[in-house]
Amino acid sequence: MIKTELCRLLDIDYPVIQGGMAWIATGELATAVSQAGGLGIIGAGNAPADLVREEIQKVKKVTAKPFGVNVMLLSPYVDEVIEVVIEEKVPVVTTGAGNPGKYIEDLKEAGIMIIPVVPSVALAKRMARLGVDAIIAEGSEAGGHIGELTTMPLIPQIVRSVDLPVIAAGGVADGYGLAAVLSLGAVGVQVGTRFICAKECTAHENYKKAILKARDRDAIVTARSTGHPVRNLKNKLTRQIQAIEQKGALKEEIETLGIGRLRRAVVDGDVIEGTVMAGQVAAMVTKVEPAEDIILDIVEGAEKVMKKNCELIV
Ligand SMILES: Cc1cc2nc3c(=O)[nH]c(=O)nc-3n(C[C@H](O)[C@H](O)[C@H](O)COP(=O)(O)O)c2cc1C
């Protein structure tokens, strides 16, 4: 089985991290992924700190394996969530939506490993200077809030720019994808979209069905004009957003239309007027299955691909 530097760094069996996804990545999913030998991550999103603590305690109750919390830096509760992860001695913190600079010293002092998600070389370099432990480089194929560069050019540029382990995110859902990002210089992968269809994921079954039904061009980008583009599945809401964007709606109007919509899709199962965040790999997800099977399929698949590639060299 493929072992990389990431397995040693995080003390995990397989070089697979489950993306911290707001509303979706609860303690249940994180537990299942960590138990199976990957790194499970709770997505704090905009949740208040006491709810994040409950999710952390759910994981700790079931497993002694390492896990993480993804701290969304735009959350109104970010300061309190950082306090909770320090109090709870969470082994790993990943961060999304910005620069975690002001929290790095406190997290490091508490012995917490810090791994920011970055969309560009400039931010990766800045993070490296601040002393983070690794970088998650996320390409714009990913579901959720995205940057500009796709995974293929982003990974090698970041690998060449920082002297840190780089984990690839965005567009990986199987063994071919893992083999590809390892070839680009990454030490492992962060997978989001495929884990939504893990059996242990508590997202509404309508959300899972929407992913299973998705075709290659269904995961589109909306809200580009706001400066905070989001990749989500086409539905009535994305058509409404596109219509007002085309008419030149103000940033505030577009953002207001999106408020509460992810919760509506994930918790209430409204996949028509809710936001169904998912990556371009949605069309590659064909079944709901245990998190362990997802991890093994990706890792065993990559091993097969890499062996086959070696045979191709004559
Ligand atoms: C529904 C959904 C919600 C997400 N929420 C967050 C989040 O709160 N914070 C974050 O850093 N990344 C978030 N992401 C990105 C994932 O953590 C991960 O990097 C991404 O899904 C990987 O690409 P993939 O979708 O191609 O697997 C989200 C992704 C999805 C699909």
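Ligands are counted one by one from 1 in listed order, and the atoms in each one are counted from 1 as well.
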Report task. Check each of A142, S75, A25 against atom 23 (O) of ligand 1 and report the one with the nearest heavy atom. Result -> A142

Query raised in the report: Is there a donor-acceptor contact under 3.5 Å from the side chain of T95 to the main chain of L73?
Result: no

Query raised in the report: Under a 4.0 Å N-O cut-off, is there an ion pair linking K58 with E28?
Result: yes

Query raised in the report: Under the 3.5 angstrom rule, does the side chain of R8 hit a backbone N or O of T4 as a donor-acceptor pair?
Result: no

Query raised in the report: Under 6.0 Å from the CD1 atom of I272, do we count more than 12 heavy atoms belonging to anything else shown?
Result: no

Query raised in the report: Y207 heavy atoms, cut-off 4.0 Å: which ligand 1 atoms fall inside?
Result: 1 (C)

**Report entry** Close N or O approach (G20, ligand 1; < 3.5 Å)
**Finding:** yes

Query raised in the report: Measuring from the heavy atoms of G45, does anything fall under 4.0 Å of ligand 1?
Result: no

**Report entry** Flag for N232-T275: side-chain donor and acceptor within less than 3.5 Å
**Finding:** no

Requested in this report: Pull out every atom of ligand 1 sitting under 4.0 Å from any heavy atom of G19, numbered as shown with elements.
Outcome: 17 (O)

Report task. Report the part of M277 in contact with ligand 1, treating N, CA, C, O as backbone and CB onward as side chain, heavy atoms under 4.0 Å; options are side chain, backbone, both, neither. Result -> both

Report summary line: the protein heavy atom lying closest to atom 20 (C) of ligand 1 turns out to be E138 OE2, 3.6 Å

Query - atom 25 (O) of ligand 1: nearest protein contact (heavy atom, Å) - result: T193 OG1, 2.6 Å

Query raised in the report: Would you call E141-R231 a salt bridge at under 4.0 Å N-O?
Result: no

Query - Taking atom 8 (O) of ligand 1 as the reference point, the nearest protein heavy atom with its distance - result: A22 N, 3.3 Å

Query raised in the report: Is there a heavy atom in G170 that sits closer than 4.0 Å to ligand 1?
Result: yes

Query raised in the report: Between G171 and ligand 1, is there a nitrogen or oxygen pair with a distance under 3.5 Å?
Result: yes

Query - For E105, all residues meeting salt bridge (charged side-chain N to carboxylate O under 4.0 Å, His left out), sequence neighbours excluded - result: none

Query raised in the report: Would you say L262 has any N or O atom under 3.5 Å from an N or O of ligand 1, going by distance alone?
Result: no

**Report entry** Residues K287 and D297 bridged, charged N to O under 4.0 Å
**Finding:** no

Query raised in the report: When only distance counts, is M21 in polar contact with ligand 1, meaning an N/O pair under 3.5 Å?
Result: no

Report task. Ignoring angles and geometry beyond distance, decide whether R194 reaches within less than 3.5 Å of ligand 1 through its nitrogen or oxygen atoms. Result -> no

**Report entry** Test of proximity, I24 against ligand 1: N or O pairs below 3.5 Å
**Finding:** no

Query raised in the report: With a cut-off of 4.0 Å, which atoms of ligand 1 are near a heavy atom of G96?
Result: 11 (O)

Query raised in the report: When you measure from atom 29 (C) of ligand 1 to every protein heavy atom, which one gives the shortest distance, and what is it?
Result: G143 O, 3.3 Å

Report task. Might you confirm whether atom OH of Y77 has over 12 heavy atoms from other residues, nucleotides or ligands at distances under 6.0 Å? Result -> no

**Report entry** side-chain hydrogen bond (donor to acceptor under 3.5 Å, both in side chains) partners of residues 237-257, not counting sequence neighbours, each pair once
**Finding:** S225-E245

Query raised in the report: Does N235 reach the main-chain N or O of L237 with its side chain, forming a donor-acceptor pair under 3.5 Å?
Result: yes

Report task. Quick one: look up the protein heavy atom nearest atom 27 (O) of ligand 1 and list residue, atom name and how far away it is. Result -> G192 N, 2.8 Å

Requested in this report: Could you list which atoms of ligand 1 come closer than 4.0 Å to a heavy atom of N70?
Outcome: 7 (C), 8 (O), 9 (N), 10 (C), 11 (O)

Requested in this report: Indicate whether any N or O donor in one side chain lies under 3.5 Å from an N or O acceptor in the other, for E292 and Q35.
Outcome: no

